[in-house]
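When reading the values below, keep in mind they use all heavy atoms of this one structure, side chains included, and skip hydrogens, waters and symmetry mates. Below, read A as the first sequence line, B as the second, and so on, with proteins coming before strands; counting in each chain starts at 1.
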2 protein chains.
Amino acid sequence: MKTIAIVDDHLLFAESLQKLVESFDEYKVIFHATNGKQFIGQLSEDNSKPDIVLMDINMPIMSGIETMQWLKDNLPDQKVLALSMDDSEATIIQMLRLGARGYLLKDINPEDFEKALKDVSDKGFYFSDRVTSTLLDNLDKDPSKQEITLKDREIEFLKLACTEKTYKSIADEMFLSPKTIDGYRETLFEKLHVKSRIGLVLYAIKHNIIEV
Amino acid sequence: MKTIAIVDDHLLFAESLQKLVESFDEYKVIFHATNGKQFIGQLSEDNSKPDIVLMDINMPIMSGIETMQWLKDNLPDQKVLALSMDDSEATIIQMLRLGARGYLLKDINPEDFEKALKDVSDKGFYFSDRVTSTLLDNLDKDPSKQEITLKDREIEFLKLACTEKTYKSIADEMFLSPKTIDGYRETLFEKLHVKSRIGLVLYAIKHNIIEV
DNA sequence: TAGAAATAGGGTGAAAATCCCCGTTTCCAG
DNA sequence: CTGGAAACGGGGATTTTCACCCTATTTCTA
């Protein structure tokens, strides 16, 4: 009997998923958490290590990404299956890089889900064809798109660009000259392969840099 | 024994939810559909009318809103509980206006969920405190925000405004003069209470007019 | 330790977006 | 049949954004 923990802020989904998991009768859900912080708390509190953690990416307070980072630092052997609504390529890559053993989209069918649990238990990982092809796509892609890393200041600017402020007032807010803002804009246009402020906004939303 | 149909494109969630529903043992899930079109097909095919439909809002091909519209026209007595991740006020209002008997956020806890099923069966509706307060908020709000209805052509323009095209090329695409586009822009700025194209994009995303 | 890279800033000019006020047609309701 | 929306188009002006040119620090690193 394998033990499972579920980390997801959608209670209805979490408890439903528990029923599904337990209908497989080789698995038992030992606890839920609604965000990473709570999960970490319960880990140490109960002193119970689940065999597999099913972890949502988008959660309030402490996201799946942040939680994976913590696990990587503190419990690197913990097996985690990421579970998410969206299949943003960047997110998938990031979670796997942080040590997730697989990435499940919520539209996976329950048979595949059971296989994922089994594979992670037995083989240590599970990759759906869709995720595998995302990985492959990412391999042979031109290096420019390979990995876009934004600096803190760039992210700060990007967030402000996703408001109705003018660049001038963004400059004020960041204590920079409008010309410097011009520089950030151009850098981001190039990095993100967009041509306008609208493109910046769309990028930011797609990559969860701003909330919607 | 009440019969339930689940309409949700997230298979994992749908099947999990089925387990949860059936753990209540007064309910039985008679079928799933992954979008509105499939649901309508199954309704007539099986000739089986579920007592309650649990319907997701965001689905490919035919959304929850479109499906509610169809039900309103064709099966106005069908009891529907809307089920959604997001609590965009406009969406809640719209679903209820189209005849949904309640609106459940996916972070509802299972006890409340069971109560929702029971209430809909017995009383015909279920409103959580959160949804109720949204409704109340909406009542006494200034009429300007009361109900924003966009015309087809405006929505068409709005979608194009959420791309990196210039207004000039949007005009071409809509077979209109750039000046007319100017008019649409200004109308929307006023209607949506925004001041820039960025505002349009943010509005469109928040109200699910475009996908992200 | 030279040179890349990151950071901050500047000038100019063109293109796009924004704003305000106006005219035409069409079409529907009172 | 008439008056008023609604859809479409326009003149003209300002502001904002965007593009492409450049320099001067600092910091990191090969």
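A:Glu173 has its side chain out of reach of A:Phe157: every pair of non-hydrogen atoms, C-beta onward, lies at least 4.5 Å apart. Within the 4.5 Å cutoff, side-chain heavy atoms of A:Leu71 are placed close to those of A:Val80.
At the phosphate of D:dT16, neither OP1 nor OP2 sits under 4.0 Å from any side-chain N or O atom of B:Ser196.
One can place NZ of B:Lys195 at 9 Å from P of C:dC19, the figure rounded to the nearest angstrom. In this structure, B:Glu164 atom CD and D:dT17 atom C1' are separated by 13 Å, rounded to whole Å. Atom P of nucleotide D:dT27 and atom NZ of A:Lys151 are separated by 16 Å, given to the nearest angstrom. Here C:dA8 presents its P atom at 10 Å from CD of A:Glu154, a figure rounded to the nearest Å. If you take CZ of A:Arg153 and P of C:dA8, they are 6 Å apart, rounded to a whole angstrom. Computed from coordinates, the B:Arg197 CZ to C:dA17 P distance equals 5 Å when rounded to whole Å. One can place NZ of B:Lys165 at 18 Å from C1' of C:dA15, the figure rounded to the nearest angstrom. Protein atom CG of B:Leu192 is 16 Å distant from nucleotide atom C1' of C:dT18, rounded to whole Å.
Surrounding CG of A:Asp129 are at most 12 heavy atoms belonging to other residues, nucleotides or ligands under 6.0 Å away. Applying the 6.0 Å contact sphere to NZ of B:Lys168 captures no more than 12 heavy atoms from other residues, nucleotides or ligands.
Using a 4.0 Å cutoff on non-hydrogen atoms, the parts of residues 178-190 of chain A near DNA chain C are A:Lys179, A:Thr180, A:Tyr184, ordered by number. Of the residues in residues 166-175 of chain A, those placing a heavy atom less than 4.0 Å from an atom of DNA chain D are A:Thr166, A:Tyr167, in numerical order.
Geometrically, A:Arg185 engages A:Phe189 in a cation-pi contact, judged by NZ or CZ lying under 6.0 Å from the ring centre and within 45° of the ring axis. Under the 6.0 Å distance and 45° angle rule, B:Lys123 counts as a cation-pi partner of B:Phe125.
Heavy-atom minimum distance, B:Lys165 versus B:Arg197: O-NH2, 2.6 Å.
B:Thr67 places a side-chain N or O within donor-acceptor distance of the main-chain N or O of B:Ser63, the cut-off being under 3.5 Å.
Of the listed nucleotides (D:dA7, D:dG10, D:dC18), D:dG10 has the atom at the smallest distance from the side chain of B:Ser177.
Note on A:Lys191 versus A:Glu154: salt bridge recorded, some NZ/NE/NH1/NH2 to OD/OE distance being below 4.0 Å.
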